[in-house]
Amino acid sequence: MSNLFGDEHVRRYIETDGEEGYTWREGAPILLLTVTGRKSGKEYTTPLIFGEDGGSYVLVASQGGTPEHPDWYLNLEADPEVGVQVKADRFRARARTAEGEERERLWRSMNEIWPHYDEYQTKTARQIPVVVLDRL
């Protein structure tokens, strides 16, 4: 299990193809998401807890329940084509925000992986987005 965080987490994950950094706190699985900055045009990589749903990957844009969406989410809204790394598997994907029944179903499944999401939702007035990554 890893307590890696931020840039160090990304570096160790890439260097070891996820041998270090894939399994995080409380056993949560981690992927790396690379988005293009909506203002800078630079690439940014973030380690995120994920789930799987029918061949797609699922993320929650919680940022611990802060009032604002995380930057990575705002960036993928602006440019939904993203890079993904799951262990040694690196690929491009298209991101979309789940809505309605799909969102509710995925929210429940993500809470099974990381039970803190429900708690995060109580801290903020915004609806925390659930993101689906479909491999290109």
Side-chain angles (χ1 to χ4, degrees):
M1 189 169 83
S2 163
N3 278 316
L4 292 169
F5 198 77
D7 292 343
E8 177 69 6
H9 195 158
V10 170
R11 189 178 65 75
R12 295 300 302 141
Y13 196 113
I14 291 169
E15 286 175 358
T16 67
D17 282 341
E19 282 294 315
E20 287 184 47
Y22 175 81
T23 304
W24 197 55
R25 296 177 186 157
E26 300 178 39
I30 298 291
L31 60 67
L32 298 182
L33 177 73
T34 302
V35 297
T36 302
R38 63 196 181 285
K39 297 174 188 165
S40 68
K42 293 182 192 168
E43 289 199 331
Y44 297 96
T45 301
T46 307
L48 296 165
I49 295 169
F50 75 94
E52 294 182 60
D53 184 65
S56 296
Y57 292 98
V58 181
L59 310 172
V60 175
S62 66
Q63 194 157 297
T66 61
E68 301 83 28
H69 293 315
D71 283 340
W72 65 261
Y73 179 75
L74 298 173
N75 287 330
L76 69 73
E77 273 193 315
D79 182 357
E81 191 172 317
V82 297
V84 181
Q85 181 175 342
V86 180
K87 292 188 175 175
D89 187 17
R90 294 172 174 88
F91 57 94
R92 301 296 293 169
R94 178 162 306 279
R96 62 182 176 81
T97 302
E99 302 288 345
E101 220 172 84
E102 181 189 36
R103 183 201 178 276
E104 295 310 310
R105 178 177 61 79
L106 295 175
W107 178 264
R108 286 191 303 273
S109 72
M110 290 304 293
N111 268 280
E112 290 172 18
I113 295 167
W114 189 252
H116 307 285
Y117 289 133
D118 275 336
E119 173 195 334
Y120 298 162
Q121 185 61 78
T122 67
K123 295 179 180 180
T124 183
R126 70 182 171 95
Q127 183 181 57
I128 294 175
V130 177
V131 175
V132 178
L133 303 175
D134 297 311
R135 190 186 287 256
L136 293 177

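Just so you know, these numbers use all the heavy atoms, side chains as well, and skip hydrogens, waters and symmetry mates. Here, residue 1 is the first one in the sequence, and each next residue gets the next number.
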Keeping the roles fixed (side chain from [X], backbone from [Y]), state whether a donor-acceptor pair exists under 3.5 Å.
| X | Y | value |
| --- | --- | --- |
| Asp134 | Ser56 | no |
| Thr124 | Gln121 | no |
| Tyr13 | Lys87 | yes |
| Trp24 | Leu4 | yes |
| Arg96 | Pro80 | no |
| Tyr44 | Leu33 | no |
| Glu102 | Glu104 | no |
| Thr23 | Gly27 | no |

Task: Evaluation steps, side chain to side chain contact (heavy atoms under 4.5 Å, CB included), between Val82 and Val84 - done: CA-CA 7 Å; Val82 297; Val84 181; 4.1 Å; yes
Closest contact, heavy atoms only, [X] versus [Y]:
| X | Y | answer |
| --- | --- | --- |
| Thr97 | Pro129 | CG2-CB, 4.2 Å |
| Pro70 | Ala61 | CD-O, 3.5 Å |
| Thr36 | Gly41 | CG2-O, 3.6 Å |
| Val130 | Arg103 | CG2-CG, 3.9 Å |
| Ala98 | Val132 | CB-CG2, 4.2 Å |
| Arg126 | Ser62 | NH2-O, 2.6 Å |

Separation between [atom1] of [X] and [atom2] of [Y], rounded to the nearest 0.5 Å:
| X | Y | atom1 | atom2 | value |
| --- | --- | --- | --- | --- |
| Arg90 | Gln85 | CZ | CD | 3.5 Å |
| Leu133 | Leu59 | CG | CG | 4.5 Å |
| Glu20 | Ile30 | CD | CD1 | 14.0 Å |
| Ser40 | Asn75 | OG | CG | 7.0 Å |
| Leu31 | Glu52 | CG | CD | 9.5 Å |
| Arg108 | Asp118 | CZ | CG | 10.5 Å |

- Item | Pairs involving residues 79-98, ordered by first then second residue, that meet ring pair (Phe, Tyr, Trp, His ring centres under 6.0 Å) (sequence neighbours left out) |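 For residues 79-98, and leaving out neighbouring residues, the ring pair (Phe, Tyr, Trp, His ring centres under 6.0 Å) pairs sorted by first residue read Tyr57-Phe91.
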Do the charged groups of [X] and [Y] touch, with an N to O distance under 4.0 Å?
| X | Y | answer |
| --- | --- | --- |
| Asp89 | Arg135 | yes |
| Asp79 | Arg38 | no |
| Arg11 | Glu15 | yes |

Val10 vs Thr46, side chain to side chain contact (heavy atoms under 4.5 Å, CB included): CA-CA, chis, key distance, verdict
CA-CA 7 Å; Val10 170; Thr46 307; 6.0 Å; no
Practice task
May I ask you to test the Val58-Met110 pair for a side-chain heavy-atom distance under 4.5 Å?
Solution key: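 They are in side-chain contact.
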Are Leu136 and Glu81 close enough that some pair of their side-chain heavy atoms sits under 4.5 Å apart?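 Counting from C-beta outward, Leu136 and Glu81 do come under 4.5 Å.
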| field | Working for salt bridge (Lys or Arg N to Asp or Glu O under 4.0 Å), residues Arg12 and Asp17 | value | CA-CA 8 Å; Arg12 295 300 302 141; Asp17 282 341; over 6 Å; no
inquiry  = Atom CG of residue position Asp7 - does it have more than 12 heavy atoms of other residues, nucleotides or ligands inside 6.0 Å?
reply    =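 Result for CG/Asp7: open.
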Open item on the list: Atom CD of residue position Glu19 - does it have more than 12 heavy atoms of other residues, nucleotides or ligands inside 6.0 Å?
Closed with: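 It does not: Glu19 CD has 12 such atoms or fewer within range.
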Listed partners of Gln63 passing side chain to side chain donor-acceptor pair (under 3.5 Å), at least two apart: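 Residues passing side chain to side chain donor-acceptor pair (under 3.5 Å) with Gln63: Thr66.
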task: Please check if any side-chain donor atom of Glu26 sits under 3.5 Å from a side-chain acceptor atom of His116, or the reverse.
output: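 Judged by distance alone, the side chains do pair up.
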**Request:** With sequence neighbours excluded, tell me which residues meet ring pair (Phe, Tyr, Trp, His ring centres under 6.0 Å) with Tyr73.
**Result:**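 Here the qualifying residues are His69.
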Legend entry - CA sep, side-chain torsions, deciding dist, call: Glu119, Lys123, salt bridge (Lys or Arg N to Asp or Glu O under 4.0 Å): CA-CA 7 Å; Glu119 173 195 334; Lys123 295 179 180 180; 3.7 Å; yes
Discussion item. As a quick check of understanding, evaluate side chain to side chain contact (heavy atoms under 4.5 Å, CB included) for Val60 and Ile128, giving each step before the final call.
Written reply: CA-CA 7 Å; Val60 175; Ile128 294 175; 3.5 Å; yes
